[in-house]
Amino acid sequence: MNSGTEQLEQWLQAALEKAFGDAAAGTALRIQPATDPAFGDFQCNDAMGLARKLRKPPRAIAEAIVGALDRDGAPATAEIAGPGFINIRVDASWLAAELADATTLPAIGAGKTLVIDYSSPNVAKPMHIGHIRSTVIGNALHRIFKALGYNVVADNHIGDWGTQFGIIIKGYREFLDREALERDPIEELQRIYVESYGRTKAGDDATPEQKAAAQEWLDACRTETVKLQQGDPDNRALWREFIRLSLGEFDKIYARLGVKFDTVRGESYYQEQLAGVVESLERAGMAKESDGATIVDLTDDGLDVAIVRKRDGGFNYTTTDIATVATRIRDYNPDEVIYVTDERQQLHFKQFFRICDKLGLVPGNCKLRHVWFGLMRLPEGVISTRQGNLIKLETLLDEAEKRARAIIDASDKDLDDAAKAKLAAQIGVGAIKYADLSHDPQTMIVFTWDKALALEGNSGPYLQYAHARICSLLDKYRAAVPGAAPTAARLMLDEPAERILALQILKFPGAVVRAAESCRPNVLADYLYALSQSYSSFYQRYPILKADPAVRDSRAHLCELTARTLRAGLDLLGIEAPERI
Ligand code: ARG
């Protein structure tokens, strides 16, 4: 919690010590936001837990604490309720002072380094909407941790190595469509992959000639992979070109999403180290041969077996992740490494973390954490390549912008075309992101356009509109009161809904900290939605521009603080907050 609540805690603590002296030593009183505003603004429930230590009924303890409170210039008043709750009602002037830096976040991450591995798509494959959650959740965490003072290294661990490259190289040489490649590089590389992969297969009812042809194609693909791995200049050049083309396409999407990485080290970056990883596992007595492959048996840990070297000598995903984390520890000395992927990789990360543990690879000060999320589904089913109902992320964003544009056009704004297009992008992308971020990552999302783009209810556009409406109210205020600066006005906060709104604003830093600690951006989204609702009760209940000047100025100030908090929160979620909609 922020320093203001600490001040209230110290006020109570002084009373506890005054009332009970040494008997209370070692107890630190804590307060929390009241569960119901009817009972006050904050509450302290610690009298219950002190009954045994102080050998008194909780209510008597609460009475003694309240009786001993210093009332002189006190920040609040306190009352006892029920068996010994202390309800605290803060002073309007205390609230006003606290609000001055309500959007300042505590630097809980100062001196700490965090690596976040997110997005991490695979080269030569389109980023489809199954990837959106890693990119969007990972980026929100990236922004949140950074705002809390952490030194964050955002690493896009792209899948740029593996046997699929032999398949693509072979196909590229045999049936590349240059024009298609220029039009949509990833689409064409994907087509080549699918076609070339198809040629390695022959059905059960295939003729012997067809089977031989499939085998021949497969062998040729393998040869290309081996040549690539051995550094053949032509294959290396092609492979580099595939990466360049893919990154170009990924970057277009990242630009639309406002996502920036600090480093992009793909799987290939660690290739030289993989043999060494297997050797160290063997030296530690953790690896053994099985059917020609090398495995780490984790069945005693209930984690099955992890293959670290295939029969053909190739290395696995686990092997690469071990090399990757060793490199990250060496290069960044992080306090935590966070991996954001979908739920299907849970076993992989459990195995990999367990192996690191057994190898003693990760120093005691460093934590490894897998933040997994449920897959996103359309009402008709999972969005996945295998099921064929693949929706590309790009298509999804285009559609979101198109639909947002239709809403903007319908409300006949006198904006020019460029301004409308910009707004459509802000609203469309914001809607997609918020539809994702407003859910607990570990739940499955059924994505529907109606919900994502709804102008009412818990949606991105709703919060953007709420923010823009406050901005336009403030414009009117400035026009009506020339020279006025809303934040210079004295805050009065005498009405109940004003207090509720003010207290809600003060919960912002706590919500950001909780979102970070739980790695759940939805905690922040929920907070912002609650804030917009407190604002709307306030706005509906009291006149603002028509109120008496001192009250009007105070309310304008509160509006400004609300807008600022909404903007700061949306920014942490990676969502833009245009001032005019
Ligand atoms: N490229 C992988 C995929 O698309 C995700 C990589 C996640 N990061 C990691 N260090 N394993 O499934």
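The analysis underlying the following values was restricted to heavy atoms, covering all of them including side chains, and did not include hydrogens, waters or symmetry mates. Each ligand, and each atom within it, is numbered from 1 in the order the structure gives.
Here the rule is salt bridge (Lys or Arg N to Asp or Glu O under 4.0 Å) with R256, and of E401, E576, E249 only E401 fits it.
For ligand 1, the 4.0 Å heavy-atom shell takes in D117, S120, N122, H131, H157, Y317, D321, Y339, T341, Q345, F349, ordered by chain and residue number.
Checked against ring pair (Phe, Tyr, Trp, His ring centres under 6.0 Å), H142 has the following partners two or more places apart in sequence or in another chain: Y118. For Y193, there are no side-chain hydrogen bond (donor to acceptor under 3.5 Å, both in side chains) partners at least two apart in sequence or on another chain. Evaluation of the ring pair (Phe, Tyr, Trp, His ring centres under 6.0 Å) rule for F315 yields no partner, not counting sequence neighbours.
By the 30° and 60° cut-offs, the orientation of the rings of F352 relative to Y339 is perpendicular.
Using a cut-off of 4.0 Å between Lys/Arg side-chain N and Asp/Glu carboxylate O, R143 and D571 are scored as salt-bridged.
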